[in-house]
Protein chains: 2
Amino acid sequence: MDAIDRKIINRLQQNARVSLKELAKECYISPPTISARIRHMEKSGVIKNYYTLIDPKKAGYHIKAFINVKVEPADKAAFYTYIRDVPNVLECNCISGEFSMLIKVIFESTELLDSFINSLQKFGKTNTQIVFSTPVDVRGIHLSE
Amino acid sequence: MDAIDRKIINRLQQNARVSLKELAKECYISPPTISARIRHMEKSGVIKNYYTLIDPKKAGYHIKAFINVKVEPADKAAFYTYIRDVPNVLECNCISGEFSMLIKVIFESTELLDSFINSLQKFGKTNTQIVFSTPVDVRGIHLSE
DNA sequence: AGTGAAATGAATCTGTA
DNA sequence: TACAGATTCATTTCACT
(Lines give C-alpha, C1' and ligand atoms only; values in the text may rest on other atoms or scores of the structure.)
Protein backbone atom coordinates (compact mmCIF):
# COMPACT_ATOMS: atom_id res chain seq x y z
CA MET A 1 0.00 0.00 0.00
CA ASP A 2 1.82 3.08 -1.28
CA ALA A 3 0.60 6.54 -2.30
CA ILE A 4 -0.56 5.30 -5.72
CA ASP A 5 -2.62 2.49 -4.18
CA ARG A 6 -4.26 4.98 -1.85
CA LYS A 7 -5.01 7.28 -4.76
CA ILE A 8 -6.59 4.39 -6.68
CA ILE A 9 -8.70 3.48 -3.64
CA ASN A 10 -9.86 7.06 -3.13
CA ARG A 11 -10.94 7.25 -6.76
CA LEU A 12 -12.68 3.85 -6.69
CA GLN A 13 -14.57 4.86 -3.58
CA GLN A 14 -15.88 7.94 -5.38
CA ASN A 15 -16.83 5.94 -8.44
CA ALA A 16 -16.33 2.19 -8.59
CA ARG A 17 -17.01 2.15 -12.34
CA VAL A 18 -14.19 4.50 -13.31
CA SER A 19 -12.12 3.09 -16.19
CA LEU A 20 -8.56 1.83 -15.86
CA LYS A 21 -7.59 4.33 -18.53
CA GLU A 22 -8.78 7.29 -16.48
CA LEU A 23 -7.13 5.94 -13.33
CA ALA A 24 -3.94 5.53 -15.35
CA LYS A 25 -4.07 9.16 -16.49
CA GLU A 26 -4.68 10.45 -12.98
CA CYS A 27 -1.91 8.35 -11.42
CA TYR A 28 0.63 8.88 -14.24
CA ILE A 29 1.14 5.14 -14.74
CA SER A 30 -0.05 2.77 -17.49
CA PRO A 31 -3.40 0.90 -17.52
CA PRO A 32 -1.78 -2.56 -17.17
CA THR A 33 -0.06 -1.38 -14.00
CA ILE A 34 -3.33 -0.01 -12.60
CA SER A 35 -4.97 -3.33 -13.41
CA ALA A 36 -2.23 -5.29 -11.62
CA ARG A 37 -2.41 -3.03 -8.57
CA ILE A 38 -6.20 -3.36 -8.32
CA ARG A 39 -6.00 -7.14 -8.69
CA HIS A 40 -3.39 -7.23 -5.98
CA MET A 41 -5.55 -5.17 -3.60
CA GLU A 42 -8.52 -7.42 -4.34
CA LYS A 43 -6.48 -10.51 -3.51
CA SER A 44 -5.00 -9.05 -0.34
CA GLY A 45 -8.50 -8.08 0.82
CA VAL A 46 -8.00 -4.30 1.00
CA ILE A 47 -10.70 -4.00 -1.63
CA LYS A 48 -13.64 -6.05 -0.40
CA ASN A 49 -16.38 -5.31 -2.90
CA TYR A 50 -17.73 -2.98 -5.57
CA TYR A 51 -21.12 -1.90 -4.49
CA THR A 52 -23.92 0.17 -5.99
CA LEU A 53 -25.71 2.61 -3.73
CA ILE A 54 -29.36 2.88 -4.61
CA ASP A 55 -32.06 5.18 -3.28
CA PRO A 56 -34.18 2.91 -1.04
CA LYS A 57 -37.23 5.20 -1.25
CA LYS A 58 -37.22 5.10 -5.05
CA ALA A 59 -37.10 1.30 -4.80
CA GLY A 60 -40.15 1.26 -2.51
CA TYR A 61 -38.37 1.00 0.85
CA HIS A 62 -39.73 3.92 2.81
CA ILE A 63 -38.67 2.97 6.33
CA LYS A 64 -35.06 2.89 7.45
CA ALA A 65 -34.21 2.07 11.06
CA PHE A 66 -31.49 1.03 13.45
CA ILE A 67 -32.43 -1.76 15.83
CA ASN A 68 -30.46 -2.49 18.98
CA VAL A 69 -30.77 -6.08 20.17
CA LYS A 70 -29.62 -7.51 23.48
CA VAL A 71 -28.31 -10.94 22.49
CA GLU A 72 -26.82 -13.37 25.01
CA PRO A 73 -23.33 -14.59 24.00
CA ALA A 74 -24.64 -18.17 23.74
CA ASP A 75 -27.28 -17.11 21.19
CA LYS A 76 -24.92 -15.13 18.96
CA ALA A 77 -24.24 -17.87 16.42
CA ALA A 78 -27.94 -18.51 15.89
CA PHE A 79 -28.58 -14.77 15.69
CA TYR A 80 -25.92 -14.29 13.00
CA THR A 81 -27.30 -17.16 10.96
CA TYR A 82 -30.79 -15.71 11.15
CA ILE A 83 -29.82 -12.12 10.40
CA ARG A 84 -27.59 -12.91 7.43
CA ASP A 85 -30.51 -14.35 5.47
CA VAL A 86 -32.87 -11.44 6.02
CA PRO A 87 -32.38 -9.28 2.90
CA ASN A 88 -33.74 -6.21 4.70
CA VAL A 89 -30.67 -6.18 6.95
CA LEU A 90 -28.15 -3.82 5.34
CA GLU A 91 -25.53 -4.06 8.08
CA CYS A 92 -25.06 -5.71 11.47
CA ASN A 93 -22.45 -4.81 14.05
CA CYS A 94 -21.60 -6.33 17.39
CA ILE A 95 -21.08 -3.43 19.76
CA SER A 96 -20.22 -2.43 23.30
CA GLY A 97 -22.86 -1.23 25.74
CA GLU A 98 -26.12 -2.54 27.12
CA PHE A 99 -27.33 -3.72 23.69
CA SER A 100 -24.88 -6.05 22.01
CA MET A 101 -26.09 -5.79 18.40
CA LEU A 102 -26.83 -2.83 16.17
CA ILE A 103 -28.53 -3.63 12.90
CA LYS A 104 -29.49 -1.32 10.07
CA VAL A 105 -32.63 -2.29 8.16
CA ILE A 106 -34.97 -1.00 5.48
CA PHE A 107 -38.58 -1.98 4.97
CA GLU A 108 -41.43 -1.16 2.62
CA SER A 109 -43.72 -0.24 5.51
CA THR A 110 -43.82 0.24 9.27
CA GLU A 111 -45.96 -2.91 9.50
CA LEU A 112 -43.21 -5.05 8.01
CA LEU A 113 -40.63 -3.43 10.28
CA ASP A 114 -42.86 -4.16 13.26
CA SER A 115 -43.23 -7.79 12.30
CA PHE A 116 -39.45 -8.10 11.90
CA ILE A 117 -38.89 -6.59 15.35
CA ASN A 118 -41.35 -9.16 16.74
CA SER A 119 -39.29 -11.94 15.15
CA LEU A 120 -36.22 -10.65 17.00
CA GLN A 121 -37.81 -10.93 20.45
CA LYS A 122 -36.74 -14.54 20.77
CA PHE A 123 -33.10 -13.32 20.84
CA GLY A 124 -33.61 -10.57 23.40
CA LYS A 125 -34.85 -7.10 24.21
CA THR A 126 -34.84 -4.58 21.34
CA ASN A 127 -34.75 -0.82 21.01
CA THR A 128 -35.57 0.74 17.65
CA GLN A 129 -34.54 4.10 16.23
CA ILE A 130 -36.37 5.24 13.11
CA VAL A 131 -34.37 7.27 10.57
CA PHE A 132 -35.88 10.65 9.75
CA SER A 133 -33.18 11.81 7.36
CA THR A 134 -29.67 10.92 6.23
CA PRO A 135 -27.46 14.02 6.10
CA VAL A 136 -24.41 11.88 5.23
CA ASP A 137 -25.14 8.70 3.27
CA VAL A 138 -22.84 5.65 3.09
CA ARG A 139 -19.45 6.82 1.84
CA GLY A 140 -15.81 5.80 1.82
CA ILE A 141 -12.79 6.85 3.81
CA HIS A 142 -10.54 9.37 2.14
CA LEU A 143 -7.02 7.99 2.50
CA SER A 144 -4.21 10.54 2.64
CA GLU A 145 -1.96 10.11 -0.40
CA MET B 1 -38.71 0.23 -12.84
CA ASP B 2 -39.65 -3.18 -14.20
CA ALA B 3 -38.30 -6.67 -13.52
CA ILE B 4 -35.27 -6.13 -15.78
CA ASP B 5 -34.31 -2.91 -14.00
CA ARG B 6 -34.55 -4.70 -10.66
CA LYS B 7 -32.39 -7.52 -11.98
CA ILE B 8 -29.78 -5.01 -13.19
CA ILE B 9 -29.80 -3.30 -9.80
CA ASN B 10 -29.43 -6.58 -7.92
CA ARG B 11 -26.45 -7.46 -10.06
CA LEU B 12 -24.84 -4.03 -9.74
CA GLN B 13 -25.22 -4.19 -5.99
CA GLN B 14 -23.32 -7.49 -5.94
CA ASN B 15 -20.60 -6.14 -8.20
CA ALA B 16 -20.66 -2.57 -9.44
CA ARG B 17 -17.91 -3.29 -11.96
CA VAL B 18 -19.79 -5.99 -13.86
CA SER B 19 -19.67 -5.43 -17.64
CA LEU B 20 -22.63 -4.42 -19.79
CA LYS B 21 -22.02 -7.53 -21.84
CA GLU B 22 -22.48 -9.83 -18.89
CA LEU B 23 -25.57 -7.96 -17.70
CA ALA B 24 -26.92 -8.25 -21.24
CA LYS B 25 -26.41 -12.01 -21.24
CA GLU B 26 -28.07 -12.45 -17.86
CA CYS B 27 -31.07 -10.27 -18.73
CA TYR B 28 -31.50 -11.57 -22.31
CA ILE B 29 -31.35 -8.11 -23.83
CA SER B 30 -28.63 -6.31 -25.81
CA PRO B 31 -25.77 -4.25 -24.30
CA PRO B 32 -27.06 -0.94 -25.74
CA THR B 33 -30.36 -1.51 -23.97
CA ILE B 34 -28.61 -2.29 -20.68
CA SER B 35 -26.58 0.88 -21.12
CA ALA B 36 -29.71 2.96 -21.75
CA ARG B 37 -31.50 1.47 -18.75
CA ILE B 38 -28.57 2.14 -16.43
CA ARG B 39 -28.25 5.71 -17.68
CA HIS B 40 -31.94 6.19 -17.12
CA MET B 41 -31.74 4.89 -13.54
CA GLU B 42 -28.75 7.13 -12.86
CA LYS B 43 -30.66 10.16 -14.11
CA SER B 44 -33.82 9.33 -12.18
CA GLY B 45 -31.75 8.91 -9.00
CA VAL B 46 -32.54 5.24 -8.31
CA ILE B 47 -28.82 4.56 -8.70
CA LYS B 48 -27.05 7.06 -6.47
CA ASN B 49 -23.42 5.98 -6.63
CA TYR B 50 -20.93 3.25 -7.41
CA TYR B 51 -18.91 2.67 -4.33
CA THR B 52 -15.92 0.52 -3.38
CA LEU B 53 -16.01 -1.21 -0.03
CA ILE B 54 -12.56 -1.42 1.48
CA ASP B 55 -11.33 -3.17 4.61
CA PRO B 56 -10.78 -0.33 7.11
CA LYS B 57 -8.36 -2.39 9.23
CA LYS B 58 -6.13 -3.12 6.25
CA ALA B 59 -6.10 0.61 5.55
CA GLY B 60 -4.97 1.38 9.11
CA TYR B 61 -8.35 2.25 10.60
CA HIS B 62 -8.63 -0.06 13.58
CA ILE B 63 -11.50 1.55 15.49
CA LYS B 64 -15.07 1.61 14.21
CA ALA B 65 -17.80 3.13 16.35
CA PHE B 66 -21.32 4.48 16.39
CA ILE B 67 -21.77 7.78 18.18
CA ASN B 68 -25.15 9.02 19.33
CA VAL B 69 -25.34 12.80 19.65
CA LYS B 70 -28.11 14.83 21.24
CA VAL B 71 -28.34 17.86 18.95
CA GLU B 72 -30.85 20.67 19.50
CA PRO B 73 -32.98 21.38 16.40
CA ALA B 74 -31.52 24.89 16.20
CA ASP B 75 -27.98 23.49 15.97
CA LYS B 76 -28.70 20.91 13.29
CA ALA B 77 -27.57 22.97 10.31
CA ALA B 78 -24.22 23.76 11.94
CA PHE B 79 -23.85 20.12 12.98
CA TYR B 80 -24.45 18.87 9.42
CA THR B 81 -21.94 21.32 8.01
CA TYR B 82 -19.34 20.21 10.52
CA ILE B 83 -19.93 16.48 10.16
CA ARG B 84 -19.93 16.45 6.37
CA ASP B 85 -16.33 17.63 6.23
CA VAL B 86 -14.95 15.08 8.68
CA PRO B 87 -13.66 12.25 6.44
CA ASN B 88 -13.85 9.76 9.31
CA VAL B 89 -17.65 10.01 9.26
CA LEU B 90 -18.91 7.18 7.05
CA GLU B 91 -22.60 7.82 7.59
CA CYS B 92 -24.85 10.14 9.59
CA ASN B 93 -28.54 9.65 10.26
CA CYS B 94 -31.08 11.79 12.04
CA ILE B 95 -33.10 9.44 14.20
CA SER B 96 -35.96 9.16 16.68
CA GLY B 97 -35.35 8.74 20.39
CA GLU B 98 -33.43 10.55 23.10
CA PHE B 99 -30.36 11.02 20.89
CA SER B 100 -31.17 12.76 17.64
CA MET B 101 -28.10 11.79 15.59
CA LEU B 102 -26.41 8.48 14.92
CA ILE B 103 -23.04 8.67 13.20
CA LYS B 104 -20.77 5.89 12.07
CA VAL B 105 -17.06 6.64 12.21
CA ILE B 106 -13.70 4.97 11.77
CA PHE B 107 -10.40 6.06 13.30
CA GLU B 108 -6.78 4.96 13.32
CA SER B 109 -6.72 4.86 17.12
CA THR B 110 -8.88 5.23 20.21
CA GLU B 111 -7.06 8.49 20.96
CA LEU B 112 -8.23 10.05 17.70
CA LEU B 113 -11.77 8.78 18.31
CA ASP B 114 -11.68 10.31 21.79
CA SER B 115 -10.55 13.66 20.46
CA PHE B 116 -13.34 13.59 17.86
CA ILE B 117 -15.92 12.84 20.54
CA ASN B 118 -14.60 15.81 22.49
CA SER B 119 -15.11 18.05 19.46
CA LEU B 120 -18.76 16.96 19.38
CA GLN B 121 -19.48 18.09 22.94
CA LYS B 122 -20.30 21.61 21.77
CA PHE B 123 -23.34 20.16 19.97
CA GLY B 124 -24.63 18.09 22.87
CA LYS B 125 -24.35 14.97 24.97
CA THR B 126 -22.86 11.90 23.28
CA ASN B 127 -23.01 8.16 23.79
CA THR B 128 -20.49 5.96 21.98
CA GLN B 129 -20.73 2.31 21.00
CA ILE B 130 -17.49 0.65 19.90
CA VAL B 131 -17.77 -2.01 17.19
CA PHE B 132 -16.30 -5.40 18.18
CA SER B 133 -17.16 -7.23 14.97
CA THR B 134 -19.26 -6.86 11.84
CA PRO B 135 -21.20 -10.07 11.12
CA VAL B 136 -22.98 -8.39 8.19
CA ASP B 137 -21.01 -5.67 6.40
CA VAL B 138 -22.53 -2.92 4.25
CA ARG B 139 -24.61 -4.55 1.54
CA GLY B 140 -27.47 -3.83 -0.86
CA ILE B 141 -31.13 -4.65 -0.85
CA HIS B 142 -32.13 -7.64 -2.91
CA LEU B 143 -35.08 -6.47 -5.00
CA SER B 144 -37.62 -9.13 -5.98
CA GLU B 145 -37.61 -9.56 -9.75
C1' DA C 1 -38.11 0.56 -25.92
C1' DG C 2 -35.51 -2.48 -28.62
C1' DT C 3 -32.04 -4.31 -31.99
C1' DG C 4 -27.60 -5.55 -35.11
C1' DA C 5 -23.59 -3.99 -37.19
C1' DA C 6 -19.98 -0.65 -37.54
C1' DA C 7 -16.88 2.44 -35.20
C1' DT C 8 -14.76 3.80 -31.20
C1' DG C 9 -12.64 3.01 -27.02
C1' DA C 10 -10.82 0.20 -23.17
C1' DA C 11 -8.56 -3.97 -21.09
C1' DT C 12 -5.47 -7.69 -21.49
C1' DC C 13 -1.49 -10.18 -23.16
C1' DT C 14 3.23 -10.50 -24.83
C1' DG C 15 7.78 -8.58 -25.11
C1' DT C 16 11.17 -6.18 -22.82
C1' DA C 17 13.75 -3.40 -19.73
C1' DT D 1 7.36 -3.33 -10.80
C1' DA D 2 6.87 -1.06 -14.83
C1' DC D 3 6.07 -0.30 -19.80
C1' DA D 4 4.78 -0.09 -25.20
C1' DG D 5 2.59 -2.22 -28.79
C1' DA D 6 -0.60 -5.80 -30.59
C1' DT D 7 -4.63 -8.31 -29.85
C1' DT D 8 -8.87 -9.13 -27.81
C1' DC D 9 -12.79 -7.49 -25.82
C1' DA D 10 -16.46 -4.08 -24.36
C1' DT D 11 -19.09 0.10 -25.24
C1' DT D 12 -21.22 3.57 -27.90
C1' DT D 13 -23.36 5.27 -32.01
C1' DC D 14 -26.53 4.91 -35.58
C1' DA D 15 -29.91 3.40 -38.90
C1' DC D 16 -33.90 0.79 -38.52
C1' DT D 17 -38.01 -2.10 -36.38
Side-chain angles (χ1 to χ4, degrees), chain A residues 1-61 108 138-145, chain B residues 1-61 108 138-145:
Chain A
M1 281 278 285
D2 61 4
I4 295 173
D5 283 338
R6 287 191 289 271
K7 188 161 192 163
I8 293 170
I9 285 182
N10 284 336
R11 201 62 184 72
L12 282 173
Q13 285 187 132
Q14 282 166 27
N15 177 14
R17 280 178 80 82
V18 68
S19 72
L20 300 187
K21 198 192 173 188
E22 198 181 321
L23 283 169
K25 202 180 71 184
E26 290 170 9
C27 298
Y28 306 103
I29 54 175
S30 71
T33 309
I34 295 282
S35 177
R37 279 173 177 267
I38 289 178
R39 217 187 340 262
H40 187 249
M41 290 192 285
E42 285 169 354
K43 285 209 170 176
S44 74
V46 179
I47 293 174
K48 289 176 78 176
N49 199 14
Y50 303 103
Y51 167 82
T52 298
L53 189 63
I54 72 152
D55 186 325
K57 288 207 176 138
K58 294 202 168 136
Y61 292 81
E108 289 94 328
V138 180
R139 68 181 187 188
I141 323 142
H142 183 85
L143 306 181
S144 49
E145 289 159 16
Chain B
M1 280 278 285
D2 61 5
I4 297 173
D5 283 339
R6 287 190 289 272
K7 189 161 192 163
I8 293 170
I9 284 181
N10 284 337
R11 202 62 184 72
L12 282 174
Q13 284 187 133
Q14 281 165 27
N15 177 14
R17 281 178 80 83
V18 67
S19 72
L20 300 186
K21 197 192 174 188
E22 198 181 321
L23 283 169
K25 201 179 71 185
E26 288 169 10
C27 298
Y28 308 103
I29 54 174
S30 70
T33 309
I34 295 282
S35 176
R37 278 174 177 265
I38 291 177
R39 219 187 340 262
H40 188 247
M41 290 192 284
E42 285 169 355
K43 284 208 171 176
S44 74
V46 179
I47 293 174
K48 289 176 79 176
N49 199 14
Y50 302 103
Y51 168 82
T52 297
L53 189 62
I54 73 154
D55 186 326
K57 287 206 177 139
K58 294 200 170 139
Y61 291 81
E108 289 94 328
V138 179
R139 68 181 188 188
I141 322 143
H142 183 85
L143 305 181
S144 49
E145 289 158 16

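All of these numbers come straight from a predicted model, not from anything done at the bench. Letters go in sequence order (proteins before strands), and every chain restarts at 1.
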Problem set entry | Intermediate values then yes/no, salt bridge (charged side-chain N to carboxylate O under 4.0 Å, His left out), A:Asp55 and B:Lys48 | CA-CA 6 Å; A:Asp55 186 325; B:Lys48 289 176 79 176; 5.0 Å; no
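Here the range on DNA chain D touched by chain A, meaning any atom under 4.0 Å from one of its heavy atoms, is D:dA2 to D:dC3.
Residues passing the side chain to side chain contact (heavy atoms under 4.5 Å, CB included) test with A:His142 are A:Asn10, A:Glu145, B:Pro87, sequence neighbours excluded. Not a single salt bridge (Lys or Arg N to Asp or Glu O under 4.0 Å) links B:Lys57 to another residue, sequence neighbours left out. The side-chain hydrogen bond (donor to acceptor under 3.5 Å, both in side chains) check on A:Lys21 picks up nothing, with sequence neighbours excluded. Take B:Glu22 and apply the side-chain hydrogen bond (donor to acceptor under 3.5 Å, both in side chains) test, not counting sequence neighbours, and it matches B:Arg11. Taking the salt bridge (Lys or Arg N to Asp or Glu O under 4.0 Å) definition, one finds that A:Glu42 meets it with nothing, sequence neighbours left out. Partners of B:Arg139 according to the salt bridge (Lys or Arg N to Asp or Glu O under 4.0 Å) rule, which considers only residues two or more places apart in sequence or in another chain, do not exist here. Contacts of B:Ser30 classified as side-chain hydrogen bond (donor to acceptor under 3.5 Å, both in side chains), with partners at least two apart in sequence or in another chain: B:Thr33. Residues passing the side chain to side chain contact (heavy atoms under 4.5 Å, CB included) test with A:Ser35 are A:Leu20, A:Arg39, sequence neighbours excluded. Residues satisfying the side-chain hydrogen bond (donor to acceptor under 3.5 Å, both in side chains) criterion with B:Asn49, sequence neighbours excluded, are absent altogether.
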Under 3.5 Å, N/O pairs linking protein and nucleotides 8-14 of chain C:
unit_1, atom_1, unit_2, atom_2, d
C:dA10, OP2, A:Lys21, NZ, 2.5
C:dA11, OP1, A:Leu20, N, 3.1
C:dA11, OP2, A:Leu20, N, 3.0
C:dA11, OP2, A:Lys21, N, 2.9
C:dT12, OP2, A:Ser35, OG, 2.9

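Listed by first residue number, the stems of DNA chain C with at least three Watson-Crick or G-U pairs below 3.5 Å are C:1-14 with D:4-17.
Going from atom CZ of B:Arg37 over to atom C1' of C:dA1 covers 8 Å, rounded to whole Å.
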